[in-house]
Engineer: 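One structure, pasted below without further comment.
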Amino acid sequence: MTSEEFHDQYYDMYDKKVKVTFTNGQKIIGYFNDQFYEEHSIMISSDKIVIINIDDI
């Protein structure tokens, strides 16, 4: 998958409230802001900005 395809896939998520569940069971609720590093991580803003590795969710 190219970065452009990834961006298109997640375009409708931008600025929407999301609940992220990590593989260890921890959860974060915030707003989806962006993806980084050619689909390896995403940015969620809640009470702080969090960069999350996709492998961790």
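Residue numbers start at 1 and run along the sequence shown.
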Engineer: Is any side-chain heavy atom of I28 less than 4.5 Å from a side-chain heavy atom of K19?
Structural biologist: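 Of all side-chain heavy-atom pairs linking K19 with I28, none is under 4.5 Å.
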Engineer: About how many Å separate CD1 of I57 and CG of N24, when rounded to the nearest 0.5 Å?
Structural biologist: 12.0 Å
Engineer: Can you measure from CG (N53) to OG1 (T23) and round to the nearest 0.5 angstrom?
Structural biologist: 10.5 Å
Engineer: Could you go step by step and tell me if I52 and S41 meet the side-chain contact (heavy atoms from CB on, under 4.5 Å) rule?
Structural biologist: CA-CA 5 Å; I52 301 169; S41 58; 5.9 Å; no
Engineer: Are I54 and V20 grouped together when hydrophobic residues (ILVMFWY) are joined by side-chain heavy atoms under 4.5 angstrom apart?
Structural biologist: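 Yes.
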Engineer: Would you compute the distance between atom CG of D56 and atom CD of Q26 and round it to the nearest 0.5 angstrom?
Structural biologist: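 So the gap between those two atoms works out to 10.0 Å.
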